[in-house]
Amino acid sequence: MTRIDTPLSKPRDLRNIGVIAHVDAGKTTTTERILFYTGENHRIGEVHDGNTRMDFDPQERQRGITINSAAITVHWHGTQINLIDTPGHIDFNIEVNRSLRVLDGAVVVFDGVAGVEPQTETNWRLADKYRVPRIAFVNKLDRTGADFARVVAMMQERLGVVALPLQLPIGAEGDFRGVVDLLGMRALVWDKDDASAPVRMADVPAELQDEALRARARLVEAVVEHDDALLDAWLRGDEIPVESLQAGLRAGTLASAFVPVLAGSAFKNRGVEPLLDAVVNYLPRPEETNHEDETLDADPDAPFAALAFKVVADDHGAMTFVRVYRGRLARGASVFNASTGRNERVSRIYEVHADKHIDKDELVAGDIAAVVGLKDTLTGHTLADRDHPVHLEEIAVPEPVIDIAIEPKSQADQQNLSKALQAMLREDPSLRLRHDADSGQTILSGMGELQLEVSIEKLRARHGVDVSVGRPQVAYRETLSIESEVTHVHKKQSGGPGQFAVVALRLKPLPRGDGLRFVNESVGGAIPREFVPAIEAGIRRAAQVGVVAGFPTVDFEATVLDGAAHERDSSSLAFELAAAAAFREAAGKARPLLLEPVMAVEVITPVEHLGDVIGDLHRRRGDVLGQNQRGAAAVVDATVPLKEMFGYIGHLRAMTSGRAQYSMQTSHYAAAPARELAALAAA
């Protein structure tokens, strides 16, 4: 395939990148074109045909969405690109989270009609957190209502970045046929939709000449601002060579000073080759990453260090995806799991090509691959050389917001259910499992209805376990509204050794999202040091079953003020029981509140149904934050309690004759009305 870009690339051999976007922006379609143009695929898979290479899971093909992040290795004119295609649906955001944690760069795909959508914003913030340089690809410019300039403006407004177009589209909507390359001041035209048809180089169309010159001037000005030598030359009026501009673009992109923006239509096979050139030219090599804890030099001869970022379990055991940050890993080697303190042995190493695997003898610094043989390694664990242990930053896992009760349909299924659930929890750390002591039910918690629906189907299809499923329930939380103090005496005597512990405890509410903070202020040896961990364990255990409605208590500080111990009758168990009882007593005095998850909701509706949509959101206890126009449609932004959103899609379609759509993601937890607590108590 044709390499379009000019001089910059004498590429080093490796780029580790991800493709991220809101659901339906065209991520997987773009990835499939990348596979074709790089020669990895000889035919193009289509999402609507259910035959894409990257969405190989049966549920992905059936639903037409990406559920699992999929890795593949391709080559573009001498550069190896390890690429991960990530899900766009908020329920599977853990896949984006753990992928961005180990990637060096990202391609963010934007829908040319919708622009910056909610999940794009969420993914963008994750990339900010992990300091991942990005390039943007404005896709679907062949669609009615597509507007490249508006999407660039939305990026700057909503994402707070300097969006720097490297191209301008030629033609609009159905007439979109190519782009103006602003660096080379030339037109790249695709005369046919056929991916095998070569791109044609041409002069910039006369009607775009003035606009292109203005856009190039803005591009040059933005680049030279970050390079003193280029700025001096520009101020003198010198012509800046293309090679120097590309080098400046690369430096600015790696520093996140700006985000290069490209244009295209992946479905129509327009703009993908320049996108690949941009990946090589502007995204970092492994040794150029600036992640907070990867200041480890990407030196293949240094002591080994890697991060396990994904586990896939099957009948043959677990396959663990790792990113090697330094050193080497050979097949058959023993590695030290710095997170568990145990040694593990690597039996096989694979270069991953979606659902196909190629054996490798060794991994070196910068590689992303899969290994087999690690028995106790989970997502976020650090693997290292035992003599040079390091701890890499772990992967943050969001708290679940929705529960379902599950139980096996037969005794035979009972025996297999526990094993299957443990395998699923190992694969997906955003799932949670607990046993409800009051009802005896097994409760599976997750990020949304779709994630739980997919998990149940996986239990049936992959693990052969048939289960009965209860209705989805909101994963409420509890918190405290005022400070309280108690002193609890735990004393038990039954003939033999007794139990004695005294704990004086203060509970104080914290801001939303601060979790549980434990502080020990006891002095003078009133509580022997060896019993303090037991006190913390007792408080944390009791907080898992709050005093309002049995939901976990969050966002409070527990401070041990004082206490007392007995020389013979005190023990860790006695102090753990005393602390748990002290927590329950103090929490009951601290005016406990029920918290409910509130969702950020975006509804896109025809204008004629706008009033009905807003009225319905208000009836669902929603707060409408704003509305704007997107093409011919109206967009409503609101926050709505999750409880009120169950079954919303069916109601929205009925209300708008099937013409509206919506997306939502967790916004925050807020105090629930008293009637919600009364309804829970009556249930």
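Side chains included, hydrogens not; waters and symmetry mates left out as well; all remaining heavy atoms used. The structure displayed is predicted, hence computed values, not measured ones.
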(request) Evaluate the side-chain contact (heavy atoms from CB on, under 4.5 Å) criterion for residues Q627 and D637: first the C-alpha distance (whole Å), next the side-chain angles of each, then the deciding distance (0.1 Å), finally the verdict. (result) CA-CA 6 Å; Q627 53 183 289; D637 292 310; over 6 Å; no
(request) Please check if atom CG in D194 has more than 12 non-hydrogen atoms from other residues, nucleotides or ligands closer than 6.0 Å. (result) yes
(message) Assess whether a salt bridge exists between E288 and R250, defined as any Lys/Arg side-chain N lying under 4.0 Å from an Asp/Glu carboxylate O.
(response) yes
(message) Can you give me the closest heavy-atom contact between L164 and A222, atom names plus distance?
(response) CD1-CB, 3.6 Å
(message) Just verifying a value: how many Å separate S430 OG and F92 CZ, rounded to the nearest 0.5 Å?
(response) 9.0 Å
(request) Could you tell me whether D299 and R326 have a side-chain N and a carboxylate O separated by less than 4.0 Å? (result) no
(request) Say whether, by atom type as modelled, one donor and one acceptor occur between the side chain of E602 and the main chain of V635 under 3.5 angstrom. (result) no
(request) Write down the atom of V102, the atom of Y325, and the distance for their closest heavy-atom approach. (result) CA-OH, 3.5 Å
(request) Can you establish whether the number of heavy atoms outside E157 located under 6.0 Å from its atom CD is more than 12? (result) no
(request) May I ask you to check whether Y130 and N97 show a side-chain donor-acceptor distance below 3.5 Å? (result) yes
(request) With the side chain counted from C-beta on, respond yes when R101 and E394 share a heavy-atom pair under 4.5 Å apart, and no when they do not. (result) no
(request) Mind checking the CZ-CG spacing from R186 to L188? Nearest 0.5 Å is all I need. (result) 5.5 Å
(message) One thing to verify: whether D104 and R285 come together as a salt bridge, which I'm taking to mean a side-chain N less than 4.0 angstrom from a carboxylate O.
(response) no
(request) Carefully, step by step, assess R98 and T379 under the rule side-chain hydrogen bond (donor to acceptor under 3.5 Å, both in side chains). (result) CA-CA 8 Å; R98 57 186 174 185; T379 294; 3.1 Å; yes
(message) Checking the side chain of N139 only, and the main-chain atoms of A266 only, is there a donor and an acceptor separated by less than 3.5 Å?
(response) yes
(message) For the residue pair D193 / N269, report whether a side-chain donor-acceptor contact shorter than 3.5 Å exists.
(response) no
(message) By the definition salt bridge (charged side-chain N to carboxylate O under 4.0 Å, His left out), identify the one residue from R270, R200, K268, R177 that meets it with D191.
(response) R200
(request) Using only heavy-atom distances, determine whether the side chains of D428 and Q451 contain a donor-acceptor pair under 3.5 Å. (result) yes
(request) Please assess H75 against I81 for the test side-chain contact (heavy atoms from CB on, under 4.5 Å), listing each intermediate value before the final yes or no. (result) CA-CA 6 Å; H75 295 82; I81 301 173; over 6 Å; no
(request) Go through the side-chain N and O atoms of N93 and N123 and say whether any donor and acceptor fall under 3.5 Å apart. (result) yes
(request) Evaluate the side-chain contact (heavy atoms from CB on, under 4.5 Å) criterion for residues M319 and V311: first the C-alpha distance (whole Å), next the side-chain angles of each, then the deciding distance (0.1 Å), finally the verdict. (result) CA-CA 6 Å; M319 185 165 65; V311 178; over 6 Å; no
(request) Please indicate whether R143 has more than 12 foreign heavy atoms, meaning atoms of other residues, nucleotides or ligands, lying under 6.0 Å from its CZ. (result) no
(request) For residues I20 and A106, report the shortest heavy-atom separation together with the two atoms involved. (result) CD1-CB, 4.4 Å
(message) What I want to check is whether the side chains of S256 and R131 have a donor and an acceptor closer together than 3.5 Å.
(response) no
(message) Do W76 and R15 have side chains that approach each other closer than 4.5 Å (heavy atoms only, starting at C-beta)?
(response) no
(request) Give me the one residue out of V161, I17, D128 that meets side chain to side chain contact (heavy atoms under 4.5 Å, CB included) with R134. (result) D128
(message) Are L276 and T38 packed together at the side-chain level, in the sense that at least one heavy-atom pair is separated by less than 4.5 angstrom?
(response) yes
(request) Inspect the contact between K140 and D24 and indicate whether a charged nitrogen and a carboxylate oxygen are less than 4.0 angstrom apart. (result) no
(message) Minimum heavy-atom separation for I84 and S69, please, with both atom names.
(response) CG2-CB, 3.8 Å
(request) Measure the shortest side-chain to side-chain distance between E121 and E117 over non-hydrogen atoms and say whether it is less than 4.5 angstrom. (result) no
(request) Report the relative orientation of the aromatic rings in H226 and F258; use parallel for angles under 30°, tilted for 30 to 60°, perpendicular for over 60°. (result) perpendicular
(request) Identify whether the distance between the nearest side-chain nitrogen and carboxylate oxygen of K310 and E95 falls below 4.0 Å. (result) yes
(request) Compare every heavy atom of G105 with every heavy atom of P284, then report the nearest pair and how far apart it is. (result) CD-CA, 4.3 Å
(request) Verify the neighbour count for atom CG of D301: are there more than 12 heavy atoms of other residues, nucleotides or ligands below 6.0 Å? (result) yes
(message) I want to check something: taking the side chain as every heavy atom from C-beta on, are V601 and Y662 in contact at a cut-off of under 4.5 Å?
(response) yes
(request) State, to 0.1 Å, how close L363 and A369 come at their nearest heavy-atom pair, and which atoms those are. (result) CD2-CB, 3.5 Å
